[in-house]
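Quick note on labels: first sequence line is chain A, next is B, and so on, each numbered from 1.
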There are 2 protein chains.
Amino acid sequence: MAWRQQAVCRRSACGRRDHERATVDQAMPNVTRNTRQRSEVLALLREVEGFHTAQQLHQMLLARNARVGLTTVYRTLQLLVDAGDIDSTRLPGGEQLYRRCGQSKHHHHLVCRDCGRTVEVAGPAVERWADQVAAQHGFTDVGHTLEIFGTCAQCSR
Amino acid sequence: MAWRQQAVCRRSACGRRDHERATVDQAMPNVTRNTRQRSEVLALLREVEGFHTAQQLHQMLLARNARVGLTTVYRTLQLLVDAGDIDSTRLPGGEQLYRRCGQSKHHHHLVCRDCGRTVEVAGPAVERWADQVAAQHGFTDVGHTLEIFGTCAQCSR
DNA sequence: TTAAGTGCAAACTCTTTGCATGCGT
DNA sequence: ACGCATGCAAAGAGTTTGCACTTAA
């Protein structure tokens, strides 16, 4: 069984450019062409809060009458992850989550199991600890995932 | 899209009983019946080191002429996870990993992206930090995942 | 005896890919 | 016009489920 080569929780460069110019013809970084579909995805990512799956984002696009194929959503998100422009993480359920960088700093997430509400939490100490532990064991090219799950106040009542 | 209800990284009770008696008829905890198949899975888990996917474990069982269905492997592993007798975690690739508890303490994992080599690391400070952060935000029933990925010394040369 | 356990096949979910068509540049 | 981008459909991977058969207790 192949262990997939995959960068995990890359420390996002997140060159967040002028987020004010939320026009459709905003350029997509590191990509040759700017199409309507990509602009739609970018526009959506700029508006939504927290993490969403590719499927969720696709549904939202359809709901706002933005005709974009699911395949394109996946492909665009992958491009953005590769470019370091969005964060991606994975739910214990196995679903991949994507999110626009809201902060230039690296951070982790506190996610409600029921409603998906996400709180961003910074854990600089954890970062250092993780890198240090990995280095101690001779590991290089280190990344990590840290997600905290629970039931938020709203959902638990 | 439903957010799956799933306990994450449960603090394992891991009542590790006499691991010496690696006989086939060893009892499975919290389960009514002890079948040949379950004994085979348990015996295998006692012998292998580190994390393996359900599929990998199934292949190993077949290799040792233990006729066990993949379905049964999945079901047995799930039972063991529910019973707290094995750890499970999820690879960024989305594959579920299962492992016999090697320590009674809660711990996390440093995994090589290339060869899958796993080093167990304890992070008591991280535990406390995670629980505390979640509590501060009103979250209950808190669990977390923390995996560190990198390229191990062997694979990087 | 009888209910839990098994295993095959099929269903399911999420994701990726092949390929003909569409559309920036 | 050229070639990347799109999107449908189909393939894949991993996991779960329905259901008839088997078997431990």
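- Between B:Val119 and A:Phe139, the closest side-chain pair of non-hydrogen atoms falls below 4.5 Å.
- The side chain of B:Gln55 lies closest to D:dG14, out of D:dG14, C:dT25, D:dG7.
- Of the residues in residues 62-75 of chain A, those with a non-hydrogen atom less than 4.0 angstrom from any atom of DNA chain D are A:Arg67, A:Val68, A:Gly69, A:Thr71, A:Thr72, A:Arg75.
- To the nearest angstrom, C1' of C:dG5 lies 15 Å from CD of B:Glu40.
- Using a 4.5 Å cut-off on side-chain heavy atoms (C-beta onward), B:Asn34 and B:Arg38 make no contact.
- The B:Arg36 side chain lies nearest to C:dG7 when the options are C:dG7, D:dA5, C:dG5.
- Taking atom CD of B:Gln78 as the reference point, atom P of D:dG14 lies 17 Å away to the nearest angstrom.
- Nearest heavy-atom pair across B:Ile148 and A:Ala134 is CG2-CB, 4.1 Å.
- B:Arg33 contributes no side-chain N or O that forms a donor-acceptor pair with the base of D:dA25 under 3.5 Å.
- The side chain of B:Asn34 contributes no N or O atom lying less than 4.0 Å from OP1 or OP2 of C:dG5.
- Rounded to 10 degrees, the angle separating the terminal axes of the helix from C:dT1-D:dA25 to C:dT25-D:dA1 is 30°, with each axis obtained from five end pairs.
- Nearest approach of B:Leu70 to B:His58, heavy atoms of both residues: N-NE2, 3.3 Å.
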Check step by step if side chain to side chain contact (heavy atoms under 4.5 Å, CB included) holds for A:Arg64 and A:Leu44.
CA-CA 10 Å; A:Arg64 54 155 74 185; A:Leu44 177 60; 3.5 Å; yes
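- The side chain of B:Thr35 places an N or O atom within less than 4.0 Å of a non-bridging phosphate oxygen (OP1 or OP2) of C:dT6.
- In this structure, CG of B:Leu42 is placed 13 Å from P of C:dG5, rounded to the nearest angstrom.
- With a 4.5 Å cut-off on side-chain heavy atoms, A:Gln55 and A:Tyr74 count as touching.
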Evaluate the side chain to side chain contact (heavy atoms under 4.5 Å, CB included) criterion for residues A:Met60 and A:His52: first the C-alpha distance (whole Å), next the side-chain angles of each, then the deciding distance (0.1 Å), finally the verdict.
CA-CA 10 Å; A:Met60 292 182 215; A:His52 300 271; 3.1 Å; yes
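- The CD atom of B:Gln59 sits 13 Å away from the C1' atom of D:dG14 (whole-angstrom rounding).
- In this model, the phosphate group of D:dA5 is approached by a side-chain N or O of A:Arg38 to a distance below 4.0 Å at OP1 or OP2.
- The phosphate of D:dG14 has neither OP1 nor OP2 within less than 4.0 Å of any side-chain N or O from B:Gln96.
- Of all heavy-atom pairs spanning B:Ser88 and B:Val81, the tightest one is CB-CG2, 3.8 Å.
- B:Trp129 is listed as a side-chain neighbour of A:Val121, based on a closest heavy-atom distance under 4.5 Å.
- Rounded to an integer number of Å, the gap from NE2 of B:His58 to P of D:dG14 is 14 Å.
- Going from atom NE2 of B:His52 over to atom C1' of D:dG14 covers 18 Å, rounded to whole Å.
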